[in-house]
Amino acid sequence: MAGRLIYLIGPSGSGKDSLLDAARPRLAERGCRIVRRVITRSAEAVGEAAQGVSAEQFVAMQAEGAFALSWQANGLSYGIPTDIDAWLAAGEDVLVNGSRAHLAQARERYPALLVVLLSVDQAALRQRLLARGRESVADIDARLARNARFTAQLLAGMGAGLLVLDNSGPLEHTVECLLRYLDPSAR
Ligand SMILES: Nc1ncnc2c1ncn2[C@@H]1O[C@H](COP(=O)(O)OP(=O)(O)O)[C@@H](O)[C@H]1O
Ligand SMILES: O=P(O)(O)OC[C@H]1O[C@H](OP(=O)(O)OP(=O)(O)O)[C@H](O)[C@@H]1O
């Protein structure tokens with residue numbers, strides 16, 4: 001049986017990277033891979049979880065067909081390597097840090113996509129982004145403004161196919177909820 005593709009989305013600062021890091025060992029135990037994305041962000045700013053490439057390298061990789069999914073947002077390009085197709089075909093579950101704006105295209109290619117929307121209340125979100133200190137205040141406000149366009153749309157359009165995962169509380173609680181959702185015997 002083919003593996004499941006889990007597409008994690010949520011506003012900037014909602015905790016997608018933190019959740020993936022915290023859940024990584026327990027997902028690995030369950031045979032669920034977390035995709036290493038290719039991002040046009042300087043390698044130092046990415047950490048180990050992504051492969052940083054130049055804009056030129058990204059375009060070349062795309063032209064070679066290296067990506068199963070790719071999108072642009074916040075002035076960056078993101079690619080999901082085609083490796084995921086082999087993993088899914090081999091029955092492995094695969095979790096992707098996805099884009100809300102790219103959801104329709106992702107669904108088109110992977111109709112059985114499981115969508116997990118990470119949410120957090122707006123004031124806490126701004127505080128977390130400021131505390132993270134990765135972007136300027138202007139960039140943070142631009143990301144927050146971008147959120148407003150998505151959440152209502154997503155909730156209206158998706159209904160049952162969507163798990164809304166609240167990350168306003170402790171991260172460990174969010175990890176537990178995600179694992180419970182992904183555990184086939186618990187559903
Ligand atoms: N449940 C949580 N409680 C408190 N702070 C959190 C929680 N989840 C994430 N954070 C913090 O919020 C900030 C943004 O998280 P991050 O994982 O980078 O979000 P994203 O990848 O969605 O942009 C980070 O500083 C992170 O430590
Ligand atoms: O269409 P959107 O849902 O807004 O998503 C746009 C991009 O922003 C996030 O990436 P990134 O990890 O660079 O940003 P973040 O850590 O601020 O979420 C997300 O993973 C997408 O790649």
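Note that ligands are numbered from 1 as they come in the structure, with each ligand's atoms numbered from 1 the same way.
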Write out the residue and atom name of the closest protein heavy atom to [atom], then the distance separating them to 0.1 Å.
atom	value
atom 8 (N) of ligand 1	N167 ND2, 3.1 Å
atom 4 (O) of ligand 2	R146 NH1, 2.2 Å
atom 10 (N) of ligand 1	R128 CD, 3.9 Å
atom 20 (O) of ligand 2	R37 NH1, 2.8 Å
atom 22 (O) of ligand 2	W71 NE1, 2.9 Å
atom 21 (O) of ligand 1	D17 N, 2.9 Å
atom 13 (O) of ligand 2	Y78 OH, 2.5 Å
atom 1 (O) of ligand 2	S99 OG, 2.7 Å
atom 18 (O) of ligand 1	R132 NH1, 2.8 Å

Are [X] and ligand 2 in contact, using a heavy-atom cut-off of under 4.0 Å?
X	answer
I9	no
H102	no
G98	yes

For ligand 2, which atoms have a heavy atom of [X] less than 4.0 angstrom away?
X	result
R134	13 (O), 14 (O), 15 (P), 16 (O), 17 (O)
R143	14 (O), 15 (P), 17 (O)
R41	13 (O)
N74	8 (O)
K16	18 (O), 20 (O)

### Query
Which atoms of ligand 1 sit under 4.0 Å from any heavy atom of K16?
17 (O), 19 (O), 20 (P), 21 (O), 22 (O), 23 (O)
## Note on the structure
Numbered in order shown, the ligand 1 atoms found under 4.0 Å of a heavy atom of S14 are 19 (O), 22 (O)
### Query
Within the structure, does E135 bring an N/O atom to less than 3.5 angstrom of an N/O atom in ligand 2?
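N/O-N/O distance under 3.5 Å: no.
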### Query
For ligand 2, is any non-hydrogen atom under 4.0 Å from I39's backbone (N, CA, C, O), its side chain (CB onward), both, or neither?
neither
### Query
What do we get for R132 next to ligand 2 when only non-hydrogen atoms under 4.0 Å count, side chain, backbone, both or neither?
side chain
Nearest-option assignment for [atom], heavy atoms, candidates [options]:
atom	options	value
atom 7 (C) of ligand 2	A101, P11, A73	A73
atom 17 (O) of ligand 2	G75, S12, A50	S12
atom 15 (O) of ligand 1	G169, G10, S18, A131	S18

With a 4.0 Å cut-off on heavy atoms, does [X] reach ligand 1?
X	result
A124	no
G13	yes
P11	yes
S12	yes

Got a second to check how far [X]'s [atom1] is from [Y]'s [atom2], nearest 0.5 Å?
X	Y	atom1	atom2	result
L95	L5	CG	CG	8.0 Å
H173	L178	NE2	CG	11.5 Å
R37	L76	CZ	CG	9.5 Å
Y110	D85	OH	CG	3.5 Å
S70	I80	OG	CD1	9.0 Å

Side-chain contact test, heavy atoms from C-beta onward, threshold under 4.5 Å: evaluate it for [X] versus [Y] and give yes or no.
X	Y	value
M61	V53	yes
N147	R100	yes
R33	D93	no
N167	L19	no
L165	T174	yes
C32	I6	yes
N97	I34	no
R41	R134	yes

Residues [X] and [Y] bridged, charged N to O under 4.0 Å:
X	Y	value
D21	R24	yes
R4	E92	no
R126	E135	no

### Query
Is the F58 to Y78 ring centre distance short of 6.0 Å?
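No; Y78 has its ring centre 6.0 Å or more from that of F58.
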### Query
What do you reckon, does G15 have a nitrogen or oxygen under 3.5 Å from a nitrogen or oxygen of ligand 1?
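Yes, at least one N or O pair falls under 3.5 Å.
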